[in-house]
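Working notes, structure below.
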Amino acid sequence: MGEMFQAPKGTRDILPPESHRWQALVAVFADVIGRAGYGLVQSPMFEDIGVFQRLGEGTEVVRKEMYDFHDKGDRHLALRPEGTASVVRAFNQHRPTVPWKVWYLTPCFRYEEPQAGRFRQHHQVGAEAIGSADPDLDVEVIALQHDFYRVLGLSRLSLRLNSMGSPGDRQAYAGLLAEWLARRSGDLDEADRANAAGHPLRVLDSKRERTVAVVADAPRITDCLSDEAATRLDRVRSGLDALGIGYEIDPGLVRGLDYYTHSTWEFAAGDLTSAQNAVGGGGRYDGLAESLGGRPAPGVGFGAGIERILLAADAEDALSQPSAAVDVFVVDVTGGDSGRDLTFELRRNGISSDRAFDSRSMKAQMKVADRSGARLALLVGPDELASGTATLRDLRSGGGQIALARTDVVAEVAARLAGG
RNA sequence: CGGGCCGUAGCUCAGUCUGGUUAGAGCGCCGGGUUGUGGUCCCGGAGGUCGGGGGUUCAAAUCCCCUCGGUCCGCCCA
């Protein structure tokens, strides 16, 4: 045997039965979001690195964690670290009618050290609504994300909301904050000083003790909003109130990407310890389309991390693993023709079924049938073959079995399954 | 990028401190328990170059060094 390969560091194989939970989660998302008029977008897993660099020079995701490479044509590309940038690039490229409401399911790649709830490849579902500045769209998107979690059964999540204001507000506030931080530079944690001048908003996001203490008294963005931005925030708040969605305003909430304007928010799981408790977040990004070379177009959206959601679901004992058992298991000890034909006859009539392979003994096949979780077994041995019948056995009630003419099998099985 | 813990059968682990005959257990898997029938029980079997490399020694899963991986904390983020 040669070298045994394994999944690269920080990546995981999601196998059955664990993958059944993924399917269930994605199905819930597609349902919740699809019924709000959002359509699926599939776009490339890699893009010109410039697409992602516009996410913000101040962010770790762009500065240090990008999975970038040069292809054989010497194009500088990167695997997507998040979902929004590709969607906005696609919006610019195709100019769909607005508001363009779409959702996605995608792996995201970040080169960092793995730990609990953090991988080099993780997965997000998300939604974006591009081409409208209506704050009611912020409300819609937040509410859809909220409802998604709720339908999954997550009840112990908290929502923090902030406004970064208009691009002008944001810039003015950043200047004000940089000045304020400069006067207290000595009190900041050393690791945060570098950001204080160039990316002051990031300092608000620091969790270092010294910095947190200093920043507690910093000027707040919510006190610096223009009338227009303040009005928009009020509209978002009243929308959430009307829909019965609880939240708290957190002026210190600065999300990991630089492109946000106006609304930003984050859902956190109280049950998850420490740092990796964010199960999703989003915001409005009114300048992003333009910075990617398109015409100005406002947009709003969110991303939600599947691995984090599943961790939160574990902590809350929610989203149990759905059963993947088939209804019928076909056992054939006469060579396999009947097994092959019966399973497909059932399947083509909408009845889920499986069978054993490799011509094993009846005892062995019955074990497989039991393990499969099937409710009914159909047995074909020499007697049945000779008489053109199949034996139907109930595997749950431990009990009886009856002989069925081959022509009656589908109808009888369907009746049994329907009858409970 | 800084730090702690851990790598022995498919899985969960014992054995490592106090080197020494063919490296163990449970679960899982495969086969059998006479007359074609699972779930309980009994019997048997397959499966490991003890993460990899180097060193010390008569002798290394066990001691030392390096390396790769896993896991967790910080930071950052989903």
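Each chain gets a letter, A, B and so on, in the order its sequence line appears, and its residues count up from 1.
- Nucleotides B/rU49 and B/rU57, compared at atom P, are 28 Å apart to the nearest Å.
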Check nucleotides 26-34 of chain B against the protein and report each pair of N or O atoms closer than 3.5 Å, with its distance, or say if there are none.
{"from": "B/rC29", "atom 1": "OP1", "to": "A/Arg371", "atom 2": "NE", "distance (Å)": "2.9"}
{"from": "B/rC30", "atom 1": "OP1", "to": "A/Arg360", "atom 2": "NH1", "distance (Å)": "3.4"}
{"from": "B/rC30", "atom 1": "OP1", "to": "A/Arg360", "atom 2": "NH2", "distance (Å)": "3.1"}
{"from": "B/rC30", "atom 1": "OP2", "to": "A/Arg371", "atom 2": "NH2", "distance (Å)": "3.1"}
{"from": "B/rG31", "atom 1": "OP1", "to": "A/Arg360", "atom 2": "NE", "distance (Å)": "3.3"}
{"from": "B/rG31", "atom 1": "OP1", "to": "A/Arg360", "atom 2": "NH2", "distance (Å)": "3.4"}
{"from": "B/rG31", "atom 1": "OP2", "to": "A/Arg360", "atom 2": "NH2", "distance (Å)": "3.0"}
{"from": "B/rG33", "atom 1": "N7", "to": "A/Lys363", "atom 2": "NZ", "distance (Å)": "2.8"}
{"from": "B/rG33", "atom 1": "O6", "to": "A/Lys363", "atom 2": "NZ", "distance (Å)": "3.4"}

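- Contact annotation: side chain of A/Arg110 to base of B/rA78, donor-acceptor pair present below 3.5 Å.
- If you take atom C1' in B/rA25 and the same atom in B/rG47, they sit 15 Å apart, rounded to whole Å.
- Spacing between B/rC5 and B/rA46 at atom P, rounded to whole Å, works out to 39 Å.
- Nearest heavy-atom pair, A/Phe119 versus A/Gly10, reported as atom, atom and distance to 0.1 Å: CB-O, 3.2 Å.
- A distance of about 13 Å separates the P atoms of B/rG26 and B/rG45, rounded to the whole Å.
- Stacking between A/His122 and B/rA78 is shown: the ring centroid lies under 5.5 Å from the centre of the six-membered base ring, and the planes differ by under 30°.
- If you take CZ of A/Arg202 and P of B/rC76, they are 8 Å apart, rounded to a whole angstrom.
- Atom CZ in A/Arg308 sits roughly 13 Å away from atom P in B/rC76 (whole-Å rounding).
- Atom CZ of A/Arg208 is surrounded by more than 12 heavy atoms from other residues, nucleotides or ligands within 6.0 Å.
- Not a single donor-acceptor pair under 3.5 Å links the side chain of A/Ser19 to the backbone N or O of A/Trp22.
- Among the atoms of the strands shown, none is found under 4.0 Å from any heavy atom of A/Gly303.
- When A/Phe29, A/Tyr38, A/Phe302, A/Phe148 are each tested for a ring-ring contact (aromatic ring centres under 6.0 Å, His included) with A/Trp103, only one passes: A/Phe29.
- Nearest nucleotide to the A/Arg393 side chain, out of B/rA78, B/rG38, B/rC72: B/rG38.
- Closest heavy-atom contact between A/Arg21 and A/Ala318: NH2-O, 3.4 Å.
- Nucleotides B/rU21 and B/rA59 have their C1' atoms positioned 12 Å apart, rounded to a whole Å.
- Comparing the P positions of B/rC64 and B/rG7 gives a spacing of 14 Å, expressed to the nearest Å.
- The nucleotide B/rG26 finds its pairing partner in B/rC11, both defining distances of the Watson-Crick or G-U wobble pair being shorter than 3.5 Å.
- Judged by distance alone, the side chain of A/Thr106 and the main-chain N or O of A/Gln124 form no donor-acceptor pair under 3.5 Å.
- In terms of polar N and O atoms assigned as donor or acceptor, the side chain of A/Asp370 comes within less than 3.5 Å of the base of B/rG38 in a complementary pairing.
- In this structure, A/Phe5 atom CZ and B/rG70 atom P are separated by 16 Å, rounded to whole Å.
- Note on A/Gln115: every side-chain N or O is 4.0 Å or more away from OP1 and OP2 of B/rC72.
- Side-chain to base pairing of A/Gln401 with B/rU37: one donor and one acceptor N or O lie within less than 3.5 Å of each other.
- Defined by atom type and a distance below 3.5 Å, a donor-acceptor pair is missing between the side-chain atoms of A/Ser372 and A/Asp354.
- B/rA9 and B/rC13 have their C1' atoms separated by 11 Å, with the value rounded to a whole Å.
- Of the residues in residues 6-16 of chain A, those placing a heavy atom less than 4.0 Å from an atom of RNA chain B are A/Gln6, A/Lys9, A/Gly10, in numerical order.
- One interatomic measurement links the two molecules: CD of A/Glu112 to C1' of B/rC1, which rounds to 11 Å at whole-angstrom precision.
- The aromatic rings of A/Tyr285 and A/Tyr260 sit tilted, their planes meeting at an angle between 30° and 60°.
- Looking at the side chain of A/Gln124, the nearest of the listed nucleotides B/rG38, B/rA78, B/rC75 is B/rA78.
- Using the Watson-Crick or G-U wobble rule with both distances under 3.5 Å, B/rG2 pairs with B/rC73.
- The minimum heavy-atom distance between A/His76 and A/Asp68, with the atom names listed, is NE2-OD2, 2.6 Å.
- No contact: A/Glu209 has no heavy atom under 4.0 Å from any strand.
- In terms of modelled atom types and a separation under 3.5 Å, the side chain of A/Arg120 and the main chain of A/Glu112 share a donor-acceptor contact.
- Using a 4.0 Å heavy-atom criterion, one finds that A/Ser206 contacts the sugar-phosphate atoms exclusively.
- A/Ala116 comes within 4.0 angstrom of sugar-phosphate atoms only, judged by non-hydrogen atoms across all strands, and of no base.
- Within the shown strands, nothing qualifies as a pairing partner of B/rU34 under the Watson-Crick or G-U definition with both distances less than 3.5 Å.
- Note on A/Glu82: nothing from the nucleic acid sits closer than 4.0 angstrom, heavy atoms only.
- At a cut-off of 3.5 Å, with distance as the only test, no side-chain donor of A/Asp134 or A/Ser132 sits close to an acceptor on the other residue.
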Derivation and outcome, side-chain hydrogen bond (donor to acceptor under 3.5 Å, both in side chains), residues A/Thr264 and A/Asn162: CA-CA 5 Å; A/Thr264 64; A/Asn162 191 19; 4.6 Å; no
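- A donor-acceptor contact under 3.5 Å links the side chain of A/Arg118 to the base of B/rC75.
- Using modelled atom types and a 3.5 Å distance limit, the side chains of A/Glu316 and A/Ser155 yield a donor-acceptor pair.
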Give me, pair by pair, the N or O atoms of the protein and of nucleotides 46-51 of chain B that are less than 3.5 Å apart, along with how far apart they are.
none

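- In this structure, CG of A/Asp383 is placed 9 Å from P of B/rG36, rounded to the nearest angstrom.
- Between the side chain of A/Arg393 and the backbone N or O of A/Leu376 there is no donor-acceptor pair closer than 3.5 Å.
- The environment of CZ in A/Phe344 is sparse: at most 12 heavy-atom neighbours from other residues, nucleotides or ligands sit within 6.0 Å.
- Rounding to whole angstrom units, CD of residue A/Glu18 and C1' of B/rG10 are separated by 16 Å.
- With a cut-off of 3.5 Å on both Watson-Crick or G-U wobble distances, the partner of B/rU21 is given as none.
- Rounded to an integer number of Å, the gap from CE of A/Met362 to P of B/rU35 is 12 Å.
- Spacing of P atoms, B/rG69 relative to B/rG15, comes out at 28 Å, to the nearest Å.
- If you measure from atom CG of A/Asp192 to atom C1' of B/rG74, you get 13 Å, rounded to the nearest angstrom.
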